[in-house]
Amino acid sequence: MSKIFPDAAAALDGVIADNLLIAAGGFGLCGIPERLLDAIQHSGVTGLTFASNNAGIDNEGIGKLLRTKQVAKMISSYVGENKEFERQFLSGELEVEFCPQGTLAERMRAGGAGIPGFYTKTGVGTQVAEGKEHQSFPDQDGVTSTYILERGIFADLAIVKAWKADETGNLIFRKTARNFNQPAATCGKICIAEVEEIVPAGALDADEIHLPGVFVNRIILGAPYDKQIEFRTVRSREEA
């Protein structure tokens, strides 16, 4: 059966539903699965939980779904560029589970590897540690430190964006757009990837593949993309 679907709506058919936990790749606006996010918005589903580094910006990325009140909870690291996110959080409309970036990446990786949890020093003594199991372990020098238990993320659906895919779902990510896409892809029961180019099976060098096709269930061709920039800072032109 072909993994290639004609568009994002078709790829989500039979998969998207209310109250799902969705792992989404991307960092800011870099490498976000924007075609799939648009299709999720248009589907009208609600009560979603997103595990993602951030929620995009206002009206871009997951920010579009915040505007339409389709997101009930965010598991994320950085929220500073999204005013609607801030408003909903402060008003109690949006549940937020803050998670350090490295911990979030490892939680996704752990879920993809079937690991239910792991201990880390990150967040000990902060609000991140509240309500979590604490344990003490000695290091190689015999110094005992406190660790907290973090749970692996097992998502109902993973949505990611890649640069190239072959027909079997092997993916290559381009430079920093690799970011959270790789661990997010592995931790979903179903993974849908949107890509800029699809090539025949066997066309990709095996040593260049970042994510094996065994993790990818469905593929769409999302190009062309506008490749938006969050901030554009320019220097004032000096008088001649």
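Nothing fancy with the numbering, it's 1 onward along the sequence.
Counted within 6.0 Å of CD on Q127, heavy atoms from surrounding residues, nucleotides or ligands total 12 or fewer; the atom is thus considered open. Heavy atoms of other residues, nucleotides or ligands lying less than 6.0 angstrom from CZ of R87 number more than 12. Sparse packing is recorded around CG of D226, with 12 or fewer heavy atoms of other residues, nucleotides or ligands lying under 6.0 Å away.
For the pair F85/L94, a side-chain contact is recorded, criterion being any heavy-atom separation below 4.5 Å from C-beta on. K73 has its side chain out of reach of F50: every pair of non-hydrogen atoms, C-beta onward, lies at least 4.5 Å apart. Residues M74 and E95 have side chains not in contact (no heavy-atom distance under 4.5 Å, counting atoms from C-beta outward). Between E106 and T120, every side-chain heavy-atom pair lies at or beyond the 4.5 Å cut-off. Using a 4.5 Å cut-off on side-chain heavy atoms (C-beta onward), I32 and E60 make no contact. Annotation: side chain of P100 is in contact with side chain of V128 (closest heavy-atom distance under 4.5 Å). Counting heavy atoms from C-beta outward, I22 and L48 have side chains that approach closer than 4.5 Å. Residues K164 and L204 meet the side-chain proximity criterion, which asks for heavy atoms closer than 4.5 Å.
Distance check, rounded to the nearest 0.5 Å: CD of Q101 to CG of N54 gives 8.5 Å. A distance of 11.0 Å separates CG in N59 from CG in L65, rounded to the nearest 0.5 Å. The structure places CG of L104 at 5.0 Å from CD1 of I153, a figure rounded to the nearest 0.5 Å. Rounded to the nearest 0.5 angstrom, L157 CG and I192 CD1 are separated by 5.0 Å. To the nearest 0.5 angstrom, I75 atom CD1 is 8.0 Å from C99 atom SG. The CZ atom of F180 sits 10.0 Å away from atom OG of S76, with the distance rounded to the nearest 0.5 Å.
In this structure a side-chain-to-backbone donor-acceptor pair under 3.5 Å is missing from Q182 to L211. Put simply, the side chain of N82 gets close to the backbone of A55: a donor and an acceptor are under 3.5 Å apart. In this structure, H210 contributes its side chain and F173 its backbone to a donor-acceptor pair below 3.5 Å. Side-chain atoms of R151 never come within 3.5 Å of backbone atoms of G117 as a donor-acceptor pair (strictly under, hydrogens ignored). Formation of a donor-acceptor pair under 3.5 Å by the K3 side chain with backbone atoms of E167 is not found in this model. Under the 3.5 Å distance criterion, the side-chain polar atoms of D141 are left unmatched by any main-chain donor or acceptor of V143. At least one donor-acceptor pair under 3.5 Å links the side chain of N217 to the backbone N or O of C191.
Ion pairing of K69 with E93 is present here, as a side-chain N (NZ or NE/NH1/NH2) and a carboxylate O approach within less than 4.0 Å. Contact check on R107 versus E97 returns a salt bridge, with a Lys/Arg side-chain nitrogen under 4.0 Å from an Asp/Glu carboxylate oxygen. Using a cutoff of 4.0 Å between basic side-chain nitrogens and carboxylate oxygens, D58 and R67 are scored as salt-bridged. Salt-bridge check for E150 with K132: passed, with a basic side-chain N closer than 4.0 Å to an acidic carboxylate O.
A single hydrophobic cluster is not seen to contain both W163 and F27; linkage of ILVMFWY side chains at heavy-atom distances under 4.5 Å, directly or through other members, places them apart. Linking Ile, Leu, Val, Met, Phe, Trp and Tyr whenever their side-chain heavy atoms come within less than 4.5 Å leaves Y225 and V199 in two separate clusters. There is a path of hydrophobic side-chain contacts, each under 4.5 Å, that joins F215 to V195. Residue L12 is grouped with residue L37 when hydrophobic side chains (ILVMFWY) are merged at heavy-atom distances under 4.5 angstrom, including chains of intermediate members. In the hydrophobic clustering of ILVMFWY residues, with side-chain heavy atoms under 4.5 Å counting as a link, M108 and V160 come out apart.
The two residues D166 and A201 come nearest to each other via the heavy atoms CB-CA, 4.1 Å. Nearest approach of G25 to N181, heavy atoms of both residues: CA-OD1, 3.3 Å. For A24 against A184, the heavy-atom pair with the smallest separation is C-CB, 4.1 Å. Of all the heavy atoms in Q70 and V45, the pair that sits closest is NE2-O, 2.9 Å. Between A105 and P183, the closest heavy-atom pair is O-CB, 3.9 Å. Annotation for N179 and C30: closest pair ND2-O, 3.1 Å, computed over non-hydrogen atoms.
Ring geometry for F137 against Y147 counts as perpendicular: the plane angle is over 60°, on a 0 to 90° scale with 30° as the lower cut. The aromatic rings of F89 and F98 sit perpendicular to each other, their planes meeting at more than 60°, with 30° as the lower class boundary.
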- Output, in order, the C-alpha distance, side-chain angles, deciding distance and verdict of side chain to side chain contact (heavy atoms under 4.5 Å, CB included) for I198 and I4. CA-CA 9 Å; I198 300 175; I4 302 173; 3.9 Å; yes

- Message: side chain to side chain contact (heavy atoms under 4.5 Å, CB included) for T103 and F118? Distances and angles first, verdict last.
- Response: CA-CA 10 Å; T103 301; F118 58 91; 4.3 Å; yes

- Task: Starting from the C-alpha separation in whole Å, work towards a yes-or-no answer on salt bridge (Lys or Arg N to Asp or Glu O under 4.0 Å) for K161 and E194.
- Result: CA-CA 5 Å; K161 180 184 177 184; E194 62 177 77; 5.4 Å; no

- Run the side chain to side chain contact (heavy atoms under 4.5 Å, CB included) check on S145 and K121 step by step: do they pass? CA-CA 8 Å; S145 299; K121 287 183 180 180; 3.5 Å; yes

- Query: Hey, mind stepping through K64 and T68 against side chain to side chain contact (heavy atoms under 4.5 Å, CB included) and telling me if it holds?
  - Reply: CA-CA 7 Å; K64 292 182 178 180; T68 51; over 6 Å; no

